[in-house]
Amino acid sequence: MAAIKVGDTIPEGTFKYIPWSEALNDNLVCGAPVELSTSEWKGKKVVLFSVPGAFTCSLFSRPATQTTSPPYLEKFDQFKAKGVDAIAVLAANDPFVMSGWARFEGLKDKIIALSDNGAQWSKKLGLDKDLTANGLGIRTSRYALILEDNVVKYVGIETERGVTVSGADAVLAHL
């Protein structure tokens with residue numbers, strides 16, 4: 001059961017990520033992780049969505065048969081037109097895996113791929129998931145948040161398999 005709800009201020013958190021640069025196009029370059037604090041989102045409109053893991057069958061919340069760009073990336077301009085300052089994807093993987101996934105998906109500097117190692121921040125929201133029985137450990141749930149000045153304006157939590165309330169179209173409809 002999620003602890004976070006519309007009207008709540010998100011808890012403080014710090015994530016690691018590897019900023020995109022042209023140098024990352026060289027597969028021999030890893031990049032160095034930097035930190036991003038939720039305090040950097042104060043005064044901004046942010047869309048944050050979470051998946052249980054990078055490189056999962058979700059491939060960024062799109063059907064396995066779809067070969068076009070991931071929906072959040074495909075609709076990036078629509079999010080920007082609705083005043084979104086930043087879009088971030090969150091998963092329990094380390095920053096190097098998240099960076100590799102971001103490069104694979106072609107996110108470049110449009111969507112930030114954040115590491116919520118051990119789902120520590122998602123746990124504060126009540127949005128962690130124990131997949132230990134499947135050999136995956138503690139993961140982030142599949143969810144989406146719309147934040148304005150770090151206040152939750154929308155929470156979409158997937159309770160079944162598939163992507164509905166956390167998908168790009170659902171989030172756009174709530175902006």
Side-chain angles (χ1 to χ4, degrees), residues 10 13-41 44-122 125 127 136 139-148 150 154 156 158 162-175:
I10 59 168
T14 302
F15 309 101
K16 291 195 179 210
Y17 78 104
I18 297 175
W20 181 82
S21 72
E22 285 292 335
L24 291 176
N25 287 332
D26 178 351
N27 287 330
L28 300 176
V29 175
C30 291
V34 299
E35 291 187 345
L36 182 143
S37 168
T38 54
S39 64
E40 294 177 48
W41 293 337
K44 296 180 180 177
K45 185 184 285 189
V46 175
V47 168
L48 175 70
F49 66 100
S50 175
V51 297
F55 293 108
T56 62
C57 61
S58 67
L59 282 178
F60 238 53
S61 306
R62 70 175 180 235
T65 56
Q66 184 178 337
T67 57
T68 59
S69 299
Y72 277 93
L73 184 58
E74 186 176 281
K75 297 172 190 275
F76 178 81
D77 291 336
Q78 292 175 49
F79 281 102
K80 286 299 190 177
K82 293 201 176 228
V84 172
D85 296 297
I87 302 172
V89 60
L90 184 73
N93 301 97
D94 69 61
F96 295 100
V97 170
M98 293 302 289
S99 176
W101 187 41
R103 284 185 272 169
F104 177 79
E105 293 291 351
L107 302 185
K108 297 189 177 184
D109 58 350
K110 293 185 176 183
I111 298 174
I112 304 166
L114 300 174
S115 172
D116 184 10
N117 205 340
Q120 294 175 13
W121 188 76
S122 292
L125 305 177
L127 294 172
L136 300 172
R139 297 292 180 127
T140 54
S141 294
R142 188 180 304 279
Y143 64 88
L145 303 174
I146 297 173
L147 308 172
E148 289 184 27
N150 283 347
Y154 173 77
E158 301 296 350
V163 177
T164 56
V165 297
S166 68
D169 289 330
V171 173
L172 273 169
H174 286 87
L175 284 170

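Computed over heavy atoms, backbone and side chain alike; hydrogens, waters and symmetry mates excluded.
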Within-4.5 Å side-chain heavy-atom neighbours: Asp169 and Lys75: yes

Nearest-0.5 Å distance that lies between atom CG in Asp94 and atom CG in Asn117: 7.0 Å

Side chains of Thr140 and Ser50, donor plus acceptor under 3.5 Å: yes

Under 3.5 Å donor-acceptor, Ser115 side chain and Lys16 backbone: no

Heavy-atom closest contact (Ala144 atom, Tyr72 atom, distance): CB-OH, 3.9 Å

Heavy-atom check, side chain of Phe49 versus side chain of Leu90, under 4.5 Å: no

Exam field: side chain Asp116 to backbone Gln120, donor-acceptor pair closer than 3.5 Å: yes

Atom pair NZ (Lys80) and NZ (Lys110), whose distance is rounded to the nearest 0.5 Å: 10.0 Å

Side chain proximity check, Leu145 to Leu125, heavy atoms < 4.5 angstrom: yes

For Leu36 against Ile112, the heavy-atom pair lying closest together: CD1-CD1, 4.3 Å

Nearest atoms (heavy-atom pairs only) where Gly53 meets Arg139: CA-NH1, 3.4 Å

Side-chain heavy-atom pair Val165, Tyr154 within 4.5 angstrom cut-off: yes

Inter-residue atom distance Ile10.CD1 - Leu147.CG, 0.5 Å rounding: 5.0 Å

Smallest separation among heavy atoms of Ala32 and Pro19, with atom names: O-CD, 3.9 Å

Check: Met98 and Ile18 side chains under 4.5 Å, non-hydrogen atoms: no

Side-chain touch Lys82/Leu172, heavy atoms, less than 4.5 angstrom: yes

Main-chain N/O of Lys45 paired to Asp85 side chain as donor or acceptor, under 3.5 Å: yes

Side-chain (Thr38) to main-chain (Gly13) donor-acceptor, under 3.5 angstrom: yes

Sole residue of Leu107, Val84, Ile87 in side-chain contact (heavy atoms from CB on, under 4.5 Å) with Phe76: Ile87

Backbone of Ser39 reached by a side-chain donor or acceptor of Ser37 within 3.5 Å: yes

Intermediate values then yes/no, side-chain contact (heavy atoms from CB on, under 4.5 Å), Glu105 and Leu73: CA-CA 9 Å; Glu105 293 291 351; Leu73 184 58; 5.7 Å; no

Parallel, tilted or perpendicular: rings of Trp121 and Phe15 (30°, 60°): perpendicular

Side chains of Glu158 and Ser166, donor plus acceptor under 3.5 Å: yes

CA sep, side-chain torsions, deciding dist, call: Asn93, Trp101, side-chain contact (heavy atoms from CB on, under 4.5 Å): CA-CA 10 Å; Asn93 301 97; Trp101 187 41; over 6 Å; no

